Number of protein chains: 2
Amino acid sequence: MLMTSSTLPTRERIIRAAGKLFHGEGIRAVSVDAVAEKAGVTKRTLYYHFRSKDDLIAAYLDTRDQPNLALFQRWFAETEGDVADKVASLFSNLARAARHPEWKGCGFLRTSVELVNLPGHPAITIGRAHKKRVEDWLFSAFTEAGVGENALQLARQVILLLDGSFAVVLLHRDPSYMEAAADAASRLIRTALPGSAAIDRLPVPDYL
Amino acid sequence: MLMTSSTLPTRERIIRAAGKLFHGEGIRAVSVDAVAEKAGVTKRTLYYHFRSKDDLIAAYLDTRDQPNLALFQRWFAETEGDVADKVASLFSNLARAARHPEWKGCGFLRTSVELVNLPGHPAITIGRAHKKRVEDWLFSAFTEAGVGENALQLARQVILLLDGSFAVVLLHRDPSYMEAAADAASRLIRTALPGSAAIDRLPVPDYL
DNA sequence: TCGTGTATATTCACTGGTCAGTATACATCA
DNA sequence: TGATGTATACTGACCAGTGAATATACACGA
């Protein structure tokens with residue numbers, strides 16, 4: 001593997017090029033030749049490092065898993081307030097990202113759509129695992145916040161709102177939907193919180 | 001146009017074949033030849049009725065707009081209870097549909113993903129219009145139910161949960177997410193309803 | 001230190017196949 | 001006879017994947 005200190009390993013360069021093109025244009029719209037050219041490599045070299053285009057797709061998605069989750073966790077940790085505020089901030093940060101004209105939605109969801117006729121495709125497994133990891137992380141956060149047995153249902157509902165945001169904003173190109181999602185998520189969480197605002201702001205009846 | 005009483009007009013046959021194939025396999029995965037063959041027509045005939053594959057895609061989506069909305073409206077109308085129950089029934093009906101192994105999610109969302117690199121494509125405009133029609137219909141329903149100025153926000157939130165359901169269930173193939181969406185939607189609606197259950201079920205304090 | 005073998009890494013040129021779209025001609029019917 | 005509709009057969013582009021040869025790096029024995 002010939003390279004200077006300033007160049008990435010070939011395999012990394014290919015994955016990076018694939019990531020930009022697949023995410024930017026769509027998996028099926030991008031040819032292996034285009035990826036190879038963008039990576040500055042011949043197609044044959046690409047096929048030395050990856051068995052097939054499907055392999056490359058899976059490798060590309062795999063590299064997105066950890067950073068994506070880490071970004072969510074960072075947004076969550078950096079936000080002041082209770083767990084509802086922290087979750088709401090996920091959506092406002094997403095809205096900020098979605099305002100960028102190059103924003104193209106969620107690569108995992110988009111891949112599952114593009115490969116809908118190949119149910120066993122490894123990339124779909126990777127997408128499922130990623131979404132599950134986000135859901136599990138939310139579940140822990142809700143459990144720690146003391147929502148009790150609602151944690152699982154809440155985690156799923158936030159996932160639904162997140163992925164709904166991706167889908168709706170990709171279609172309408174209107175990130176303000178994400179603010180509506182933030183509002184929905186924090187309302188749902190708050191009514192499950194021990195010191196539930198929706199209920200506790202009501203006067204407590206005398207006989208309690 | 002040669003045909004007997006039992007055959008559809010050629011154009012309709014083509015659109016119907018395109019619908020089955022595009023929805024079943026994905027737009028980019030299906031060739032014009034495949035559509036023509038399924039319609040029992042030569043490709044040249046197909047190109048007589050449609051200027052291009054893009055034209056055919058748009059025509060296919062167009063035929064799904066009205067029936068899709070009508071189905072939602074039927075499910076809504078056939079459900080007993082308040083508006084929250086009626087909306088919840090949309091999700092449980094969707095879950096029932098999604099349990100069918102041939103279920104493939106929402107054609108409008110999937111098209112917007114497959115054509116993400118062609119922002120001005122007519123099919124995307126059709127998809128936007130469809131989603132907007134559903135949202136507007138929900139808005140009217142919420143307004144009539146007396147949620148006041150919350151109607152717009154609620155309609156958007158239900159859309160987010162609907163499209164989130166499509167995306168998540170397509171990925172995980174687990175329709176039970178739709179029950180979580182139903183729960184979220186009806187909670188959100190109920191807290192906005194004049195006789196809000198979340199608040200009114202609490203005992204009324206003596207001094208009110 | 002000089003070969004020499006071997007695994008890694010890369011290139012050029014190619015194949016077989018598919019795809020969207022078309023040129024041309026034939027048929028049917030008002 | 002002219003508009004509508006359908007068929008056969010084709011074009012040119014593209015695409016995933018491959019064959020065969022070459023270059024580099026390094027290990028090890030003489």
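These numbers come from a predicted model, not from an experiment.
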Student: Quick one: which residue pairs count as a salt bridge (Lys or Arg N to Asp or Glu O under 4.0 Å) with a foot in residues 146-166 of chain A, not counting sequence neighbours?
Tutor: A:Lys131-A:Asp163, A:Glu135-A:Arg156, A:Arg156-B:Asp174
Student: Does D:dG5 have OP1 or OP2 sitting under 4.0 Å from an N or O in the side chain of B:Tyr48?
Tutor: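 Answer is yes, contact under 4.0 Å.
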Student: Can any side-chain N or O of B:Asp85 pair as donor or acceptor with the backbone N or O of B:Asp82 at less than 3.5 Å?
Tutor: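 Here the side-chain-to-backbone pair exists.
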Student: Going from CG on A:Leu138 to CD1 on A:Ile189, what distance comes out if it is rounded to the nearest 0.5 angstrom?
Tutor: 8.0 Å
Student: Please list, chain by chain and in numerical order, all residues satisfying ring pair (Phe, Tyr, Trp, His ring centres under 6.0 Å) with B:His130, sequence neighbours excluded.
Tutor: B:Phe108
Student: Please round to the nearest 0.5 Å and tell me the distance separating atom NE2 of B:His23 and atom OG1 of B:Thr111.
Tutor: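 If I round to the nearest 0.5 Å, the distance is 9.5 Å.
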Student: Taking salt bridge (Lys or Arg N to Asp or Glu O under 4.0 Å) as the cut-off, I'd like each qualifying pair that reaches into residues 95-114 of chain A, sequence neighbours left out, listed once.
Tutor: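 Matches after skipping sequence neighbours: A:Arg99-A:Glu179.
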Student: Rounding to an integer number of Å, can you tell me how far B:Arg11 CZ sits from D:dT4 P?
Tutor: 15 Å
Student: Please verify the inter-ring angle class for B:Phe76 with B:Trp137; under 30° counts as parallel, over 60° as perpendicular, anything in between as tilted.
Tutor: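 Geometry flag for B:Trp137 against B:Phe76: perpendicular rings.
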Student: Under the salt bridge (Lys or Arg N to Asp or Glu O under 4.0 Å) rule, collect the residues that match up with B:Arg187, sequence neighbours excluded.
Tutor: B:Asp183
Student: What is the separation between atom CZ on A:Arg28 and atom P on C:dA20, rounded to the nearest whole Å?
Tutor: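 Interatomic distance, CZ of A:Arg28 to P of C:dA20: 12 Å.
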Student: Could you work out, with side-chain hydrogen bond (donor to acceptor under 3.5 Å, both in side chains) as the rule, every residue matching A:Trp75, not counting sequence neighbours?
Tutor: A:Asn93
Student: Can you name the salt bridge (Lys or Arg N to Asp or Glu O under 4.0 Å) partners of B:Asp33, sequence neighbours left out?
Tutor: B:Lys43
Student: Check whether any side-chain heavy atom of A:Leu160 sits under 4.5 Å from a side-chain heavy atom of B:Ser165, and report yes or no.
Tutor: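 The answer is yes; the side chains approach within 4.5 Å.
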Student: With the threshold set at under 4.0 Å for non-hydrogen atoms, list the residues of residues 35-47 of chain B touching DNA chain C in residue-number order.
Tutor: B:Lys43, B:Arg44, B:Tyr47
Student: Looking only at side-chain N and O atoms, does B:Ser31 come under 4.0 Å of OP1 or OP2 in C:dC19?
Tutor: yes
Student: Do any of residues 111-124 of chain B sit with a heavy atom less than 4.0 Å from DNA chain D, and if so which?
Tutor: none
Student: Kindly state which residues belonging to residues 49-64 of chain A come within less than 4.0 angstrom of DNA chain D, counting heavy atoms of the residue only, listed by number.
Tutor: A:Ser52, A:Lys53
Student: Strictly by side chain to side chain donor-acceptor pair (under 3.5 Å), give each pair with a member in residues 48-58 of chain A just once, sequence neighbours left out.
Tutor: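 Output for this query lists A:Asp54-A:His121.
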Student: Who are the salt bridge (Lys or Arg N to Asp or Glu O under 4.0 Å) partners of A:Arg74, not counting sequence neighbours?
Tutor: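 Result, salt bridge (Lys or Arg N to Asp or Glu O under 4.0 Å) vs A:Arg74: A:Glu78.
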Student: Can a side chain N or O of B:Thr10 be found less than 4.0 Å away from OP1 or OP2 on D:dT6?
Tutor: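 Yes, such a contact exists.
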Student: What is the distance from CG of A:Asp33 to C1' of D:dA13, rounded to the nearest Å?
Tutor: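 Rounded to whole Å, this separation is 12 Å.
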Student: Taking five pairs at each end of the helix from C:dT1-D:dA30 to C:dA30-D:dT1, what angle separates the two helix axes (nearest 10°)?
Tutor: 10°
